[in-house]
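Just below is one structure, and these are the notes that go with it.
Indexing begins at 1, ligand by ligand and atom by atom, following the structure's order. Numbering starts at 1 and runs along the sequence shown. When reading the values below, keep in mind they use all heavy atoms of this one structure, side chains included, and skip hydrogens, waters and symmetry mates.
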Amino acid sequence: MNQIDSDNLPRHIAIIMDGNGRWAKKHMVGRIRGHKKGAQAVRATVRACRKLGIEYLTLFAFSVENWNRPEQEVKALMSLLDQYLTDQTKELKKQGIKLKTIGELKLLNSSIREKIRKAKEATKNNNKMIVNMALSYGGRDEIVHAVKKIAQKVKNNEIDSRQIDKEMLSMHLYTAGMPEPDLLIRTSGEYRLSNFLLWQLAYTELYFTNTLWPDFTKEDLLKAIASYQKRERRYGLTSEQITK
Ligand code: FPP
């Protein structure tokens with residue numbers, strides 16, 4: 001903790017929570033047990049980020065590709081999400097955390113959608129931190145979705161195509177209004193983006209750890225932040241330009 005500079009915290013942390021299945025294999029239990037342990041790590045990480053003063057935490061909880069997993073596993077992941085919403089809404093409220101989501105929610109079943117709606121409603125006035133759950137999320141789908149919305153506006157003569165620029169595209173993404181992630185963490189020793197926040201990660205610092213997601217603790221989080229704080233973010237400029 002004393003290695004962390006509280007004046008240079010990432011405003012927005014995004015996490016690809018990977019390795020639940022391998023954790024289960026390592027402990028010779030079923031994959032679902034790995035996801036259960038992963039859900040506990042979600043709770044602990046949200047708490048740790050809130051305590052540290054992180055403003056935005058985006059968690060890759062379920063990708064569009066995850067729909068193709070075995071039916072039993074998809075069911076179990078949905079049930080864990082359902083459970084999370086049921087038992088954490090009060091907790092989020094108490095901690096001053098606002099819940100948001102990104103992704104194609106209409107693919108989720110109506111009872112979970114209703115729980116998400118209620119959790120968002122219950123936490124909408126909170127302003128200490130935003131927990132942004134990526135659910136049924138795919139980065140390419142998100143960009144296509146934004147392009148379609150813009151095209152429709154051009155067609156309706158609401159905007160002129162010459163007005164289309166990077167800001168406009170950003171404002172039509174699911175993450176509209178949120179700052180881009182400063183730090184992306186991926187657990188379990190995989191070095192991929194897996195279709196996560198493709199547009200938003202353009203200048204994000206990437207951090208990979210071999211820790212499997214169910215084993216991820218506050219110490220791992222602090223290590224990732226300490227690594228982030230040692231980096232120089234240049235956004236395409238030279239080091240001299242940055243330090244001037
Ligand atoms: C990757 O593990 C993890 C996921 C598929 C999504 C993350 C899900 C959770 C953390 C559990 C529930 C979440 C909430 C919000 C309650 P994997 O199965 O891909 O692991 P593997 O690559 O080792 O097989």
Closest approach of any protein heavy atom to [atom], naming residue and atom:
{"atom": "atom 19 (O) of ligand 1", "result": "Arg69 NH2, 2.8 Å"}
{"atom": "atom 13 (C) of ligand 1", "result": "Val42 CG2, 4.4 Å"}
{"atom": "atom 9 (C) of ligand 1", "result": "Asn20 ND2, 3.6 Å"}
{"atom": "atom 11 (C) of ligand 1", "result": "His35 O, 3.5 Å"}
{"atom": "atom 6 (C) of ligand 1", "result": "Ala61 O, 3.2 Å"}
{"atom": "atom 20 (O) of ligand 1", "result": "Gly21 N, 3.0 Å"}
{"atom": "atom 3 (C) of ligand 1", "result": "Met17 O, 3.0 Å"}
{"atom": "atom 15 (C) of ligand 1", "result": "Met133 CE, 3.7 Å"}

So if I count the atoms of ligand 1 from 1 in the order they appear, which ones are less than 4.0 Å from some heavy atom of [X]?
{"X": "Trp213", "value": "10 (C)"}
{"X": "Arg31", "value": "17 (P), 18 (O), 24 (O)"}
{"X": "Leu80", "value": "16 (C)"}

Report the residue from Tyr137, Tyr174, Trp67 that forms a side-chain hydrogen bond (donor to acceptor under 3.5 Å, both in side chains) with Glu104.
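Exactly one candidate clears the test, Tyr174.
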
Distance-only side-chain donor-acceptor flag, Gln229 / Glu205, under 3.5 Å:
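Looking only at side-chain atoms, Glu205 and Gln229 do not form any donor-acceptor pair under 3.5 Å.
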
For the residue pair Asp18 / Thr187, report whether a side-chain donor-acceptor contact shorter than 3.5 Å exists.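 On atom types as modelled, these side chains do not qualify, holding no pair under 3.5 Å.
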
(Q) Tell me whether Arg22 is salt-bridged to Glu190, with the criterion being a basic N under 4.0 Å from an acidic carboxylate O. (A)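 Yes.
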
Point to revise | Charged N-O contact under 4.0 Å between Lys118 and Glu121 | key: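 So Lys118 does not pair with Glu121 through a salt bridge.
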
(request) Could you go through the side chain to side chain donor-acceptor pair (under 3.5 Å) check for Asn20 and His35 one step at a time? (result) CA-CA 5 Å; Asn20 296 351; His35 292 313; 2.9 Å; yes

Practice task
May I ask whether Ile116 and Val74 are part of the same hydrophobic cluster, defined by side-chain heavy atoms of I, L, V, M, F, W, Y residues being less than 4.5 angstrom apart, directly or through others?
Solution key: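 Same cluster: Ile116 reaches Val74 through Ile, Leu, Val, Met, Phe, Trp or Tyr contacts under 4.5 Å.
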
Is it the case that ligand 1 has an N or O less than 3.5 angstrom from some N or O of Trp23?
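In this structure, Trp23 places no N or O atom under 3.5 Å from an N or O of ligand 1.
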
Using distance alone, determine whether Asp18 and ligand 1 share an N or O pair under 3.5 Å.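 In this structure, Asp18 places an N or O atom under 3.5 Å from an N or O of ligand 1.
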
Run the side chain to side chain donor-acceptor pair (under 3.5 Å) check on Thr123 and Asn126 step by step: do they pass?
CA-CA 6 Å; Thr123 60; Asn126 293 347; 5.0 Å; no

Within the structure provided, determine whether Ile4 and Leu222 are in side-chain contact (heavy-atom separation under 4.5 Å).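 They are in contact (side-chain heavy atoms under 4.5 Å apart), so the answer is yes.
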
